[in-house]
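First up is the structure itself, then whatever we jot down about it.
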Amino acid sequence: MAARAYWQGQIKLALVSIPVEIYSATRSGATVSFKQIHEPSGKPVHYEKVVTGIGPVDKDEIMKGYEVAKGEYVLLEQDEIDAVKLESKKTLELTQFVDADAVDVLYYEKPFFVVPADDLANEAFIVLREALKRTRKVGLGQLALRGREYVVSLKPSGRGMVLETLRYADEMEKAQGYFREIPDDEPEGELLELAEALIDRKSGPFHPQEYHDRYVDALRDLIERKRKARGKKIIEDDEPSDAAKGSNVVDLMAALRQSMGGKGGASSSKKSAPKKPAAKKAAAAKPAKRADRKRA
């Protein structure tokens, strides 16, 4: 495997240890990067490490310091930091298993591919992978990566497994503060059926390759036009018209029917997506809302 392992160690499940390697499952997307330029000379601006009252300093004179009081620091060398003992630096112990949908999506942070470190690890690796598939569970544990210990999840993915770092609870904002003002109303049955029919119409498999960063494309186009304009300022007035700005839907029913592409209304949506009676659905939905709010 050409890529360099992000972490090497072992997954521990009771008395079973599986040597593994993990690799970053993501990479930086296409971006347009800018440098700061001194306009009169057209040359890039550089930055220096400067100490107040002393001026520029060399890299080898810089240490890491933790402020314990105003202006008072404890200085640490990198090898002192690296020597901190933590079992999770080399071992991911799976201490709990939960249902695959039990971890709120907000907690997930960054994914990594997990592969056996050698041929001898294949059998135990495959057993764990298949057991997670059959039970539909996700393994949880803690792992030290690059100077920080993370809560991580482990789940099967194809022939391998995926490890995802999770955010800690104290890193999460409380949802109540944002959702409190949203009314706890039940939607009108016909409106709900139209919305469901519209979702059904637009449903399909996820093809990630069909999505790309349109802002990056627009920036590249701007750069090319600016180059051809020989520095002339280019500003496009893309502000929506007054009609477009007033996008609050006054007649939601009419808007949903129009989105469905015709005058068929609720009757046509019922044919394309038969649903339960609205009253029963509303009654079933209400406890779920309360449960969601409680979890939040």
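Numbering of residues begins at 1 and proceeds along the displayed sequence. Note that this is a predicted model, so its numbers are computed, not measured.
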Test item: D104 side-chain N/O and L106 main-chain N/O as donor-acceptor pair under 3.5 Å: yes
Salt bridge flag under 4.0 Å for residues E21 and R4: no
From E186 atom CD to L192 atom CG, the distance as rounded to the nearest 0.5 Å: 9.0 Å
Check ion pair K137-D99 (N to O, under 4.0 angstrom): yes
Within-4.5 Å side-chain heavy-atom neighbours: L76 and M63: no
Audit row: I37, K43, side-chain contact (heavy atoms from CB on, under 4.5 Å) steps and yes/no: CA-CA 6 Å; I37 304 297; K43 294 181 179 180; 5.9 Å; no
V138 reachable from Y168 in the ILVMFWY side-chain graph, under 4.5 Å edges: yes
Any side-chain heavy-atom pair of T165 and V151 under 4.5 Å: no
Transitive ILVMFWY side-chain link L145 to I11, under 4.5 Å: yes
W7 side-chain N/O to K89 backbone N/O, donor-acceptor pair under 3.5 Å: yes
Residue E149 excluded, over 12 heavy atoms near CD under 6.0 Å: yes
Pair Q78-K64, side-chain donor/acceptor within less than 3.5 Å: yes
Heavy-atom neighbours of E67 CD exceed 12 at 6.0 Å: yes
Donor-acceptor pair between Y107 and E109 side chains, under 3.5 angstrom: no
Sequence neighbours excluded - ring-ring contact (aromatic ring centres under 6.0 Å, His included) pairs with any residue from residues 108-142: Y6-F112
Heavy-atom check, side chain of K155 versus side chain of E164, under 4.5 Å: yes
Side-chain heavy-atom pair E193, E188 within 4.5 angstrom cut-off: no
Transitive ILVMFWY side-chain link L191 to I199, under 4.5 Å: no
Considering all heavy atoms, the nearest A121-P19 contact: CB-O, 3.5 Å
Whether over 12 other heavy atoms sit under 6.0 Å from D118 CG: yes
Ionic contact status for E171 with R148, cut-off 4.0 Å: yes
Separation between NZ of K12 and CD1 of I18, rounded to the nearest 0.5 Å: 12.5 Å
Neighbour count above 12 (heavy atom, 6.0 Å) for R167 CZ: yes
Check: R129 side chain, R159 main-chain N or O, donor-acceptor pair, under 3.5 Å: yes
Worked check of side-chain contact (heavy atoms from CB on, under 4.5 Å) between K110 and T26: CA-CA 8 Å; K110 182 175 173 60; T26 61; 2.9 Å; yes
Over all atoms of both residues, closest heavy-atom pair of E48 and P56: OE1-CG, 3.9 Å
Co-membership, hydrophobic cluster, residues L92 and Y23, 4.5 Å side-chain: no
Pairs involving residues 37-58, ordered by first then second residue, that meet ring-ring contact (aromatic ring centres under 6.0 Å, His included) (sequence neighbours left out): none
Inter-residue atom distance Y150.OH - L166.CG, 0.5 Å rounding: 11.0 Å
Among L94, V114, V16, the one residue meeting side chain to side chain contact (heavy atoms under 4.5 Å, CB included) with L128: L94
Heavy-atom neighbours of F34 CZ exceed 12 at 6.0 Å: yes
Under 3.5 Å side-chain donor-acceptor pair for S88 and Q142: no
Within one Ile-Leu-Val-Met-Phe-Trp-Tyr cluster: V127 and V162, side-chain cutoff 4.5 Å: no
Close side-chain approach of V98 to V103, heavy-atom, < 4.5 Å: yes
Spatial distance of atom CD (Q258) from atom CG (L194) [nearest 0.5 Å]: 12.5 Å
L140 and L154, any side-chain heavy atoms less than 4.5 Å apart: no
Pair K90-Q10, side-chain contact (heavy atoms from CB on, under 4.5 Å): steps then yes or no: CA-CA 6 Å; K90 287 295 180 183; Q10 58 185 359; over 6 Å; no
Backbone of E93 reached by a side-chain donor or acceptor of T91 within 3.5 Å: no
Minimum heavy-atom distance between L132 and G139, given as atom pair plus value: CD2-N, 4.2 Å
Min side-chain heavy-atom separation E224-R227 under 4.5 Å: yes
V32 side chain reached by I223 side chain, heavy atoms, under 4.5 Å: yes
